[in-house]
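Structure record follows, encoded as structure tokens.
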Amino acid sequence: MPTESAPRRYRFAPSPTGSFHVGGARTALHNWALARQNGGTFVLRIEDTDAARNRPEWTQGIIDALAWIGISDADPHFEGPHFQSANAAAHVAAAQRLFDSGHAYYCDLTADEIQARAKELGLSGYDGYSRDRGLGPGPGRVLRFRVPEGSTTVHDQVRGDVQFDNSTIEDFVLLRGNGTPMFLLANVVDDVEMGITHVVRAEEHLPNTPKQQMLWTALGHEPPSWGHVPVLVNEQRKKLSKRRDKVALEQYRDEGYLADAMVNYLMTLGWTPPGESEIVDWVEIEQAFRLEDVTHSPAFFDVKKLDAFNGDYIRAMPLDAFIERASREIPDDWDRDRFAAIAPHIQERLVHFDEVPGKVDFLFWPFDAPIDYDPDSWNKAFGAEWALPLLRDVSAAYGGLDGDSGWTAEALKAATEAVMEIHGVKLGKAQAVPRVAVTGRAVGPPLFESLEVLGQPETMRRLRLATDHAIGSTSAGRPE
RNA sequence: GCCCCCAUCGUCUAGUGGCCUAGGACACCACCCUUUCAAGGUGGCGGCACGGGUUCGAAUCCCGUUGGGGGUGCCA
């Protein structure tokens with residue numbers, strides 16, 4: 001174990017695949033919090049495969065995603081990105097050292113031969129056949145690690161000590177038959193060379209940890225401090241997979257989730273902030289997070305709860321900031337002042353920002369366009385006998401308001417109430433008629449405020465259109 | 001098959017032997033408020049997987065069972 005005084009170095013080693021996994025985002029956050037609270041360093045190391053090397057935008061995507069959740073390369077605690085492939089020579093050199101020191105040996109058995117032997121001996125894997133055959137390097141020969149007798153104990157910050165019987169670990173391959181290093185070796189060599197002191201990652205890596213630890217020791221170094229956090233799962237309790245589940249952080253970003261909400265939610269998976277509320281800002285999270293307090297069991301990534309967090313964060317935004325953020329979602333030719341006027345009313349109705357256009361679009365329809373009535377909404381609002389007469393009276397009342405000073409939400413409400421009393425209808429039902437007439441839908445922002453923003457001329461035009469539509473549909477539906 | 005991890009409401013969790021008649025949040029349901037939808041308020045539904053121990057006392061400690069997940073490659 002590293003000494004307490006040594007500067008801590010946490011590494012985060014994602015592989016670029018075109019999208020950034022929410023589970024990866026969470027462990028990145030764990031490493032980030034720990035590095036910063038201990039004055040350590042967050043080392044970003046990219047596992048650049050052949051595919052990834054041909055797509056630099058994938059790497060950039062990781063950097064962008066990290067920046068979005070607040071992990072910034074402008075921060076002094078941040079180091080990187082480093083690229084694994086840049087260190088290939090060191091990986092092979094380390095393998096050579098392991099061979100020279102007797103920690104590894106060459107083997108010329110093919111996969112088929114290994115399987116045949118295993119079957120014959122009743123074993124599950126490689127039986128160590130070439131351990132003492134004294135083979136040197138050669139084409140087609142792999143270099144295998146000589147797993148020692150005894151057992152290996154992994155001291156895990158989350159789970160405590162985990163013991164593995166070395167006899168259950170087969171002599172794993174370090175170098176392929178073509179001389180290229182295996183990932184496990186490359187990973188450990190990089191960790192050693194970069195002076196990594198703490199490895200915090202998902203639980204799925206725990207079973208491979210004894211191998212890595214043996215490599216650290218064979219290479220002459222003290223293994224790092226480990227921490228394996230529980231995996232994130234879907235509703236089937238399976239590890240979140242890119243194919244089946246919505247796991248790309250960028251997708252949530254693009255749908256208009258707030259980074260703060262995402263970060264907050266992610267951190268509550270497997271860990272609870274100390275206060276009485278689970279809605280807490282990063283400053284508090286960063287200083288309170290402890291690996292020892294992390295839960296041991298897998299956590300379901302619940303989008304519904306994420307939605308609740310996001311709604312909370314949206315509602316907590318200052319109005320100016322809300323308008324600024326929401327305005328990014330609407331087309332350029334939509335009037336900004338008009339949007340700002342209705343913004344306070346949609347702020348508390350929003351789950352994520354990409355819903356903004358759909359909530360306010362009716363305010364921006366061209367002033368000569370026909371109205372597209374949602375059939376269900378129309379039938380609901382105009383199904384009653386009193387609907388059309390009420391629409392006529394409401395139209396007359398609205399038309400009688402002074403378009404300059406009298407066109408306010410209060411006046412519109414009063415006018416509507418006066419009409420509804422004549423028809424003996426409650427406001428809840430009555431407002432549906434002008435609402436569907438003007439917006440085409442049964443739900444939306446508060447009606448009178450919306451009409452105020454829409455203005456008298458356009459409101460009157462839409463009311464006339466709806467009246468015509470109502471007459472047309474009733475006469476068509478009821479033959480004389 | 002072998003190895004490892006895990007097990008509290010549907011979900012995320014609090015709980016470290018008596019403060020537990022098991023607390024909170026999300027979801028769901030009802031009611032209130034109300035100009036639709038939300039938001040907000042009040043209330044409700046709902047859980048210690050099972051079986052053995054240990055102990056005066058177990059959600060909590062031990063063993064077993066069952067269930068779930070992960071790993072196990074000349075993939076990364």
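Heavy-atom basis, side chains included; hydrogens, waters and symmetry copies ignored. So you know, we letter chains A, B, ... as the sequences are listed, proteins then strands, and number each from 1.
Considering only the side chain of A:Asn208, B:rA76 comes nearest among B:rU11, B:rA76, B:rC74. Checking B:rU13, B:rU36, B:rC74 against the side-chain heavy atoms of A:Ala299 singles out B:rU13 as nearest. Closest approach to the A:Arg315 side chain among B:rC37, B:rG70, B:rA39 is made by B:rA39 (side chain taken as heavy atoms from C-beta onward). Candidate nucleotides B:rG70, B:rA39, B:rC5 were compared by shortest atom distance to the side chain of A:Glu203, and B:rC5 ranks first. If you check B:rU13, B:rA76, B:rU35 against the side chain of A:Gln431, the one that comes closest is B:rU35. Of the listed nucleotides (B:rC74, B:rA14, B:rU35), B:rU35 has the atom at the smallest distance from the side chain of A:Leu427.
A:Thr168 has no side-chain polar atom (N or O) that falls below the 4.0 Å cut-off from OP1 or OP2 of B:rC2. Look at A:Lys305 and you won't find any side-chain N or O under 4.0 angstrom from OP1 or OP2 of B:rU13. Listed pair A:Lys304 / B:rA27 fails the phosphate criterion, with no side-chain N or O lying under 4.0 Å from OP1 or OP2. Distances shorter than 4.0 Å separate some side-chain N or O of A:His296 from OP1 or OP2 on B:rC6. Contact between the side-chain N/O atoms of A:Arg237 and the OP1/OP2 oxygens of B:rG70 is not found at any separation under 4.0 Å. Contact annotation: A:Arg176 side-chain N/O to B:rG73 OP1/OP2 distance is not under 4.0 Å. Under 4.0 angstrom from either OP1 or OP2 of B:rC37 there lies no side-chain N or O belonging to A:Arg441.
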Steps toward side-chain contact (heavy atoms from CB on, under 4.5 Å) verdict (A:His155, A:Thr153): CA-CA 6 Å; A:His155 302 288; A:Thr153 300; 4.0 Å; yes
Apply the test side-chain contact (heavy atoms from CB on, under 4.5 Å) to residues A:Ile285 and A:Trp271: give CA-CA distance (whole Å), side-chain angles for both, the deciding distance (0.1 Å), then the verdict. CA-CA 10 Å; A:Ile285 289 172; A:Trp271 179 75; 4.0 Å; yes
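As judged by a 4.0 angstrom heavy-atom cut-off over every strand, A:Phe164 is placed among residues touching the sugar-phosphate backbone only. When heavy atoms are screened at a 4.0 angstrom cut-off, A:Pro298 is found touching the sugar-phosphate backbone but no base atom. Within the nucleic acid shown, A:Gly270 comes within 4.0 Å of sugar-phosphate atoms alone, with no base atom in reach, counting heavy atoms only. Within the 4.0 angstrom heavy-atom criterion, no nucleotide atom of any strand lies near A:Arg141. Within the 4.0 angstrom heavy-atom criterion, base atoms lie near A:Val142.
A salt bridge does not link A:Lys242 with A:Asp245: every distance from a Lys NZ or Arg NE/NH1/NH2 to an Asp or Glu carboxylate oxygen is 4.0 Å or more.
For the ring-ring contact (aromatic ring centres under 6.0 Å, His included) with A:His352, the lone residue among A:Phe309, A:Tyr257, A:Tyr313 that qualifies is A:Tyr257.
Looking at A:Asp156 and A:His228, their side chains do bring a donor and an acceptor atom within 3.5 Å of each other.
Atoms CG (A:Asn310) and C1' (B:rA38) sit 15 Å apart, rounded to a whole Å.
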